[in-house]
Amino acid sequence: MMYSRIAGTGRYLPERVLTNQDLEKIVDTTDEWIRERTGIERRHIAAPGETTVDLAEKAARQAMDAAGVTAADIDFIVVGTTTPDVIFPNCGCLLQERLGIRGCPAFSVEAACSGFIYALAVADRFVAAGTARCALVIGAETLSRITDWNDRSTCVIFGDGAGAVILKPSAEPGLLSCHLGADGTYNDLLFTPYGTSRRPEPGMPEASYIQMKGNEVFKVAVKTLERLVEETVTANGIDSSAIDWLIPHQANLRIIEATAKRLGMPMERVILTLRDQGNTSAASVPMALDTAVRDGRIKRGDLLLMEAFGGGFTWGACLARY
Ligand code: UT7
């Protein structure tokens, strides 16, 4: 049996940092409220003109270096993003051109905060089947572009960034299982009102910012993630004590704590980046993974549980031997 295996990781955060104190000057909020309700203290914001693909390219090059591969080796590109540079060409194609690659499939997956897990699950199937031999999988976002900076209920939460992994075939495990799900009946709890095909009425504002009924999202997120991690553990016939690291989507510290508690995992074995990065949607899981790989916490052979939940609603988990 062939597995796909993470051969290298990378991440990139834009230079500009926006702190909770900075936000106190923009909207009616406090550092204390943001820290207590979310766990976030600061987030990175893309520079004017800096796009999702700009961030993705930097993360991709780091992951390629870490995996010891060159652009010529890559034969599959998939980008999870909710904030593509343009409607088309898709971010995968734009990234392919930046990297000087031609011919391989390149596309984006649109699954909000679960975008990276969805992208990883797709790439895993291609690599494990032998169809792709070196897949570049990205989660990248410039959420600051669809954030209403007058809305305190959302603007304190989100940030920009990109994370990347290279997947290669391996006889040793690798990605063990991926579990994806969605429930579109919740499309009114976390959404943007307009896009390409659905337009505002004539005379209405053109801007299409993130709208979120945070409290209701919170409740469904906690329940869904608890069910999802149990499903993943059960499907693999393991005890959750076998998991070395939980790498959660970084939406809210309280959601992450609830998931860890359900798994019986101490917080020391949970990778947390949201304090310094906020919620970066599809970028959060690969950036957290890369953070812990580079600081030496995650070692070869460790068992990782990655999970995410987001707009749609969509959700996904991957159990992987690093
Ligand atoms: O990443 C994809 C999925 N997204 C999530 O998983 C997000 C899930 N939701 C959350 O993380 C939380 O619901 C939030 C952090 C968004 C909000 O926390 P909460 O504890 O659910 O607060 P709330 O929305 O129930 O609001 C409580 C109070 C309200 O005031 P009243 O009505 O009690 O007087 C809000 O108006 O907090 C107020 N509030 C704020 N106060 C200060 C809302 N935003 C702020 C703010 N600063 N930034």
Side-chain angles (χ1 to χ4, degrees), residues 14 16 18 22-29 34 38 43-56 78-95 97 106-116 118-119 138-162 182-221 251 278-284 308-315:
R16 184 179 159 216
L18 189 71
D22 295 329
L23 283 164
E24 285 177 348
K25 294 174 199 142
I26 301 173
V27 286
D28 180 16
T29 191
I34 304 171
T38 69
R43 66 289 290 145
H44 291 247
I45 304 293
E50 192 175 38
T51 70
T52 294
V53 171
D54 291 330
L55 310 186
V78 54
V79 181
T81 187
T82 323
T83 46
D85 287 25
V86 290
I87 297 160
F88 69 88
N90 72 65
C91 287
C93 289
L94 298 177
L95 183 59
E97 188 267 341
F107 59 101
S108 317
V109 170
E110 189 193 347
C113 300
S114 314
F116 174 76
Y118 268 61
I138 308 267
E141 302 280 12
T142 45
L143 291 173
S144 59
R145 302 276 153 72
I146 56 165
T147 298
D148 180 352
W149 293 100
N150 296 309
D151 176 6
R152 69 174 184 175
S153 70
T154 53
C155 75
V156 303
I157 292 167
F158 299 107
D160 300 335
D183 188 344
T185 61
Y186 290 109
N187 68 69
D188 59 339
L189 295 186
L190 180 51
F191 62 98
T192 59
Y194 309 116
T196 314
S197 189
R198 190 198 291 168
R199 306 299 304 154
E201 294 292 317
M204 295 297 284
E206 282 284 321
S208 186
Y209 295 129
I210 301 170
Q211 317 273 317
M212 180 165 75
K213 295 186 182 124
N215 205 282
E216 291 173 60
V217 177
F218 187 98
K219 288 177 205 154
V220 186
N279 177 347
T280 58
S281 185
S284 87
F309 177 91
F313 289 145
T314 58
W315 56 86

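This is a predicted model, so every value here is computed, not measured.
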Original post:
How would you list, by chain and number, every residue that makes a side-chain hydrogen bond (donor to acceptor under 3.5 Å, both in side chains) with S153, sequence neighbours excluded?
Top reply: D151
Original post:
For residues 106-116, which residue pairs qualify under side-chain hydrogen bond (donor to acceptor under 3.5 Å, both in side chains), counting only residues two or more places apart or in two chains?
Top reply: S114-T314
**OP:** List in chain and number order the residues that pass salt bridge (charged side-chain N to carboxylate O under 4.0 Å, His left out) with D85, two or more places apart in sequence or in another chain; answer none if no residue qualifies.
**Re:** none
Subject >> Worked verdict on V27 versus C155 for side-chain contact (heavy atoms from CB on, under 4.5 Å) >> reply: CA-CA 9 Å; V27 286; C155 75; 3.9 Å; yes
Original post:
Can you tell me how far OG of S144 sits from CZ of R43, rounded to the nearest 0.5 angstrom?
Top reply: 11.5 Å
**OP:** For A283, enumerate each residue passing the side-chain contact (heavy atoms from CB on, under 4.5 Å) test, keeping only those at least two apart in sequence or located in another chain.
**Re:** T280, M287
Original post:
Distance from L94 atom CG to D54 atom CG, nearest 0.5 Å?
Top reply: 10.0 Å
**OP:** State, to 0.1 Å, how close L95 and A56 come at their nearest heavy-atom pair, and which atoms those are.
**Re:** CD1-C, 4.1 Å
Subject >> With sequence neighbours excluded, residues passing ring pair (Phe, Tyr, Trp, His ring centres under 6.0 Å) with F107 >> reply: F76
Original post:
To the nearest 0.5 Å, how far apart are CG in L18 and CG in L23?
Top reply: 4.5 Å
Subject >> side-chain contact (heavy atoms from CB on, under 4.5 Å) partners of A46, counting only residues at least two apart >> reply: P14, E50, T142, R145, D160
Original post:
Which residues satisfy the side-chain contact (heavy atoms from CB on, under 4.5 Å) test with C93, sequence neighbours excluded?
Top reply: P89, N90, A106
What pairs of donor and acceptor atoms, side-chain ones from residues 206-218 against any protein atom, are under 3.5 angstrom apart with sequence neighbours left out?
{"from": "E206", "atom 1": "OE1", "to": "R199", "atom 2": "NH2", "distance (Å)": "2.5"}
{"from": "S208", "atom 1": "OG", "to": "Y194", "atom 2": "N", "distance (Å)": "2.9"}
{"from": "S208", "atom 1": "OG", "to": "Y194", "atom 2": "O", "distance (Å)": "2.6"}
{"from": "Q211", "atom 1": "NE2", "to": "Y209", "atom 2": "O", "distance (Å)": "3.3"}
{"from": "K213", "atom 1": "NZ", "to": "D188", "atom 2": "O", "distance (Å)": "3.4"}

Original post:
Say you draw a straight line from SG of C113 to CG of L190; how long is it, rounded to the nearest 0.5 Å?
Top reply: 6.5 Å
**OP:** Mind checking ring pair (Phe, Tyr, Trp, His ring centres under 6.0 Å) for F313 and listing every partner two or more places apart, or none if nothing turns up?
**Re:** Y186, F309
**OP:** Write down the atom of A112, the atom of G310, and the distance for their closest heavy-atom approach.
**Re:** CB-C, 4.4 Å
Original post:
With T185, which residues qualify under side-chain hydrogen bond (donor to acceptor under 3.5 Å, both in side chains), at least two apart?
Top reply: D183
Subject >> All salt bridge (charged side-chain N to carboxylate O under 4.0 Å, His left out) counterparts of R152, not counting sequence neighbours >> reply: D28
**OP:** Determine the minimum heavy-atom distance between T81 and A140, stating which atoms define it.
**Re:** OG1-O, 2.7 Å
Original post:
Atom OG1 of T83 and atom CD1 of I146: how far apart are they, to the nearest 0.5 Å?
Top reply: 6.0 Å
**OP:** Identify the heavy atoms of C91 and T52 that sit nearest to each other, and give their distance.
**Re:** SG-CG2, 4.4 Å
Original post:
Rounded to the nearest 0.5 Å, how far does CD1 of I45 lie from OG1 of T147?
Top reply: 7.0 Å
**OP:** List in chain and number order the residues that pass side-chain hydrogen bond (donor to acceptor under 3.5 Å, both in side chains) with N187, two or more places apart in sequence or in another chain; answer none if no residue qualifies.
**Re:** none
